[in-house]
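Some notes on the structure that comes next.
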Amino acid sequence: MTAHRAMQGVYLSDQYDLSALYGPAITAAAQGDLRIATPAGIDAPEEVEFALCWQPAPEAFAAYPNLKFVMAVGAGVDALLAHPGLPADLPVCRVRDPHQGQQMAGYALHEILHVERRFPWMARNAASRLWKEPPLRVPGDVQVAVLGGGSMGRAVAQGVAALGFSARVATRRAPEDPLPGVRYLHGAGSVPAAAEGADFLVNVLPLTAQTESILDFALFDRMARGGWLVQIGRGEHLVEADLMAALDAGLLAGASLDVARVEPLPDTHPFWGDPRLRITPHVASAATARSVAEQLLQSAREARQGRRPALAVDRAAGY
Ligand code: GLV
């Protein structure tokens, strides 16, 4: 990066051992241009210029007065932006890992196919030695609404369209590079419009003040009867009581839930054990260590040159 000293960073997480997860990839990518340690390994906190974070403790930033940027190890920066100790105006970066979009698409398509092609029904039949064929729909008759037109939404819509399903995407702004065969709805009202008559609703929105609790009874009521929710955004997008009410009323047949308002999902939560729900532990996607390392290095170089990192989010917009 420079002929002089390596830029110093710190890992800040209450939840994960970021050093174990990302340390080897960062060492390999950085080639001596940056150093990073856990708080216990920092001798001179005033020399720390960046932080790599996932859900840092409330007081985590207080010891480091000279931060130039912070980076989340994932795509969603909602928790970081809501952090009470985050210095105002400090650039907050997210990782933009192309593999993460593919992982999201893989998860969503798995769930859609699982439900659409009746795999659970066939598994139950197989357990009783029953050879019964499920009905097959013309793929284009299956309406899939994707909420979110960023890199995740794009990857999901691309996969949906590749399988021949009808894909529509609700997005804030009209896309610069729309996918062929995908219908876009943008601006105010695009989310309810996309949900209209949808068999599947895939949520990959960022969590912002505008999108919190957007998955509610009224939205489910717009979908085709017996529809299915694939919730791979953030737990706070979903009004959990409304999901249960929509299931009980038959608006939805079920939901795939990868995220929850409280994670890990508490032992006593009513979602556990409900046969209409397919619960996974926030694994739909994760930025790869290599992408985190490369993008951290890129951001550190930009910050060192006095530039705002290109991966910095719009803090006011929330993503
Ligand atoms: C995962 O949830 C992420 O934000 O990358």
Side-chain angles (χ1 to χ4, degrees), residues 11-18 20-22 25-26 50-56 60 69-83 86 91-111 146-156 159 171-172 202-215 229-238 240 255-265 271 278-296 298-299 309-315 317-319:
Y11 295 111
L12 296 178
S13 178
D14 234 10
Q15 210 186 345
Y16 295 119
D17 181 353
L18 297 181
L21 291 170
Y22 302 102
I26 292 173
F50 66 89
L52 188 66
C53 314
W54 194 253
Q55 303 195 344
F69 73 96
V70 296
M71 179 173 245
V73 294
V77 289
D78 43 286
L80 206 44
L81 293 181
H83 191 285
L86 183 73
V92 173
C93 300
R94 56 164 282 192
V95 173
R96 289 188 190 274
D97 182 352
H99 310 294
Q100 213 177 342
Q102 292 168 337
Q103 291 168 349
M104 288 297 237
Y107 183 105
L109 295 178
H110 179 272
E111 294 305 291
V146 181
L147 307 185
S151 51
M152 307 290 175
R154 184 180 176 83
V156 173
T171 176
R172 203 159 70 104
V202 182
N203 175 43
V204 287
L205 286 164
L207 179 64
T208 67
Q210 286 72 41
T211 66
E212 181 167 359
S213 297
I214 203 162
L215 304 175
L229 170 69
V230 181
Q231 160 55 327
I232 49 178
R234 284 286 187 261
E236 291 86 345
H237 285 131
L238 176 66
E240 295 185 345
S256 309
L257 303 176
D258 187 50
V259 290
R261 283 189 179 251
V262 178
E263 294 179 8
L265 191 64
F271 284 173
R278 289 169 52 78
I279 297 168
T280 51
H282 201 143
V283 291
S285 78
T288 57
R290 195 172 60 194
S291 295
V292 170
E294 285 167 0
Q295 297 185 8
L296 180 69
Q298 173 197 324
S299 302
L311 290 163
V313 301
D314 174 350
R315 282 184 61 164
Y319 61 96

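In listed order, ligands and their atoms are each counted from 1. Residues take their numbers from the sequence shown, with the count starting at 1.
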query: Who pairs with Phe50 by ring pair (Phe, Tyr, Trp, His ring centres under 6.0 Å), at least two apart in sequence or on another chain?
result: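 By the ring pair (Phe, Tyr, Trp, His ring centres under 6.0 Å) rule, Phe50 matches Phe69.
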- prompt: Near ligand 1, which protein residues have a heavy atom under 4.0 Å away?
  reply: Trp54, Gly74, Ala75, Gly76, Gln100, Arg234, His282
task: Could you pull out all residues at least two apart from Arg172 that satisfy side-chain contact (heavy atoms from CB on, under 4.5 Å)?
output: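 If we apply the side-chain contact (heavy atoms from CB on, under 4.5 Å) test to Arg172, skipping adjacent residues, the hits are Ala317, Tyr319.
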- request: Only counting residues at least two apart or in another chain, list the ones meeting side chain to side chain donor-acceptor pair (under 3.5 Å) with Ser151.
  value: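 So Ser151 forms no side chain to side chain donor-acceptor pair (under 3.5 Å) with any residue.
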- request: Mind running side-chain contact (heavy atoms from CB on, under 4.5 Å) on His282 and Arg234 for me, showing each step along the way?
  value: CA-CA 9 Å; His282 201 143; Arg234 284 286 187 261; 3.7 Å; yes
query: Does any donor atom in the side chain of Arg261 or Ser213 lie under 3.5 Å from an acceptor atom in the other side chain?
result: yes
field: Validation row: Val259, Asn203 side chains within 4.5 angstrom (heavy atoms)
entry: no
